[in-house]
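Below, all heavy atoms of this structure are taken into account, side chains as well, without hydrogens, waters or symmetry copies.
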Amino acid sequence: MQRAEVRTLAAGGLSMEQAEQLIENVIGRFSLPFAVATNFTINSRDYLVPMVIEEPSVVAACSFAAKLFRETGGFQTGSDEPVMIGQIQLLDLDDLRVAEAQLRARQADILAEANAQAGSIQARGGGAIGLDFRHIPGTPVGDMLVVHLLFDVRDAMGANAINSALEHIAPLMERITGGRVNLRILSNLSDRRMATARGVVRAKSLETESAPGAEVVSAIIEAGVFAECDPYRAATHNKGIMNGIDAVVLATGNDWRAVEAGAHAYAARDGHYTSLTHWWRDDAGDLHGEIALPLALGIVGGATRAHPAAKIGLQMLGIESARELAEVAAAVGLAQNFAALRALATDGIQRGHMRMHARQLALAAGAVGGQVLLVAQQLIDEGNIRLERAKALIAGGFRDT
Ligand code: MEV
């Protein structure tokens, strides 16, 4: 990393002028820690992974998990072509089947019209590639034909490209069907744009002081099945996965709300909210995990290049495509899930968390510099991790003795 980049990150990444270019009514900036997760080997390549997150332990847990997966060759990942779905809501139609047939007959014209808006994306090999039709009869506002425009957005997240194309083709759709278009907007359930990651952790590497590796493997698999069967657990399990994925999404200037929406809608795709990961054991007794989720991420457009810290995050990854970024994020999600399940299925997570919590209390109580760690350690040693105690220690001039 160059000196200028180090300075940019230390200064919070975004100048006041840049903040004002991004959104409206800006009165300041709000910083979060920018960290680096280590030990990631993905498809035989090593990565340093930028993560932006305020929650303690996430980056450390992720790096530790990646180290265990690395012992067996790291993560293997995959991804679909970057195809986004845009929706057009057609109403006031006499017959949904007739309207669909009319649109199918003119599909080539509709795609050509959509591509007239595709600009640089088409020059890079992307653009509109197809239509899909969904019938929703008997709604409170009548029968509905939902047309999906499938649009290859290449290295962009693609929201602007697809929304422009949808607005552009809507009048043609009305002319073809005689119906009325209401909404024209992308779907955040971007399940044509899936990313997957899988990996193996040796049972031997999971041994603890009190449990053999095989027992820990069993406990992690049991935890995984719990999330697959129970939506109350799945919500927390998936939240842990998103701790990792969101941190990468933020560090690269991508839209984490879009990714969150897509992940949770996908987790509920069968009408039963479930886990985004699956864990099992092989014949040798080692632990296998895999993750699959929609990941609409870009490496061009949006804040990816406008935010100086995001630019640094992307450079650090050294990736060449939006698909590669999605695959890295999927691997981070799997690593994060593994780390959480391992901790939960062995010691519980509170021991590590309380250490970080003690540091946060020391900071909140006004500790500065080296005093932070000293006060935090004292709170832990006393088993009294409370803000009042931290304040009392500082007021008493607490120093190392
Ligand atoms: C905390 O941010 C995330 C966990 O609750 C995830 C999980 O329970 O799997 C530890």
> Heavy-atom count around Asp381 CG within 6.0 Å, excluding the residue itself: above 12?
Replying inline: yes
>> Atom CD of residue position Glu388 - does it have more than 12 heavy atoms of other residues, nucleotides or ligands inside 6.0 Å?
In response: yes
> What residues form a side-chain hydrogen bond (donor to acceptor under 3.5 Å, both in side chains) with Asn384, not counting sequence neighbours?
Replying inline: Arg386
Scan for salt bridge (Lys or Arg N to Asp or Glu O under 4.0 Å) pairs involving [range], sequence neighbours excluded, and state none if there are none.
range            : value
residues 163-184 : Asp92-Arg180
residues 288-312 : Arg198-Glu290
residues 70-90   : Asp46-Arg70, Glu81-Arg154, Glu81-Arg323

>> Can you tell me how far apart CG (Asn188) and CD1 (Ile185) are? Round to the nearest 0.5 Å.
In response: 8.0 Å
>> Within this structure, what is the OG1-NZ distance for the pair Thr41 and Lys67, rounded to the nearest 0.5 Å?
In response: 12.5 Å
>> Does anything in residues 206-215 form a side-chain hydrogen bond (donor to acceptor under 3.5 Å, both in side chains)? List the pairs, not counting sequence neighbours.
In response: none
> Taking 4.0 angstrom as the limit, do Glu260 and Lys239 come out as a salt bridge?
Replying inline: no
> Relative to each other, are the rings of His264 and Tyr273 parallel, tilted or perpendicular (30° and 60° limits)?
Replying inline: parallel
>> Is the ring pair Phe69/Trp279 parallel, tilted or perpendicular, if the boundaries are 30 and 60 degrees?
In response: tilted
> Looking only at side chains, do Arg281 and Ser218 share a donor and an acceptor under 3.5 Å apart?
Replying inline: yes
> If we ignore angles and hydrogens, is there a donor and acceptor under 3.5 Å between the side chains of Ser79 and Glu327?
Replying inline: yes
Counting only N and O atoms by type, is there a donor-acceptor contact under 3.5 Å from the side chain of [X] to the main-chain atoms of [Y]?
X      : Y      : answer
Arg269 : Tyr266 : yes
Gln87  : Leu186 : no
Arg389 : Gln378 : no
Ser205 : Val201 : no

> With sequence neighbours left out, what residues match Asp282 under salt bridge (Lys or Arg N to Asp or Glu O under 4.0 Å)?
Replying inline: none
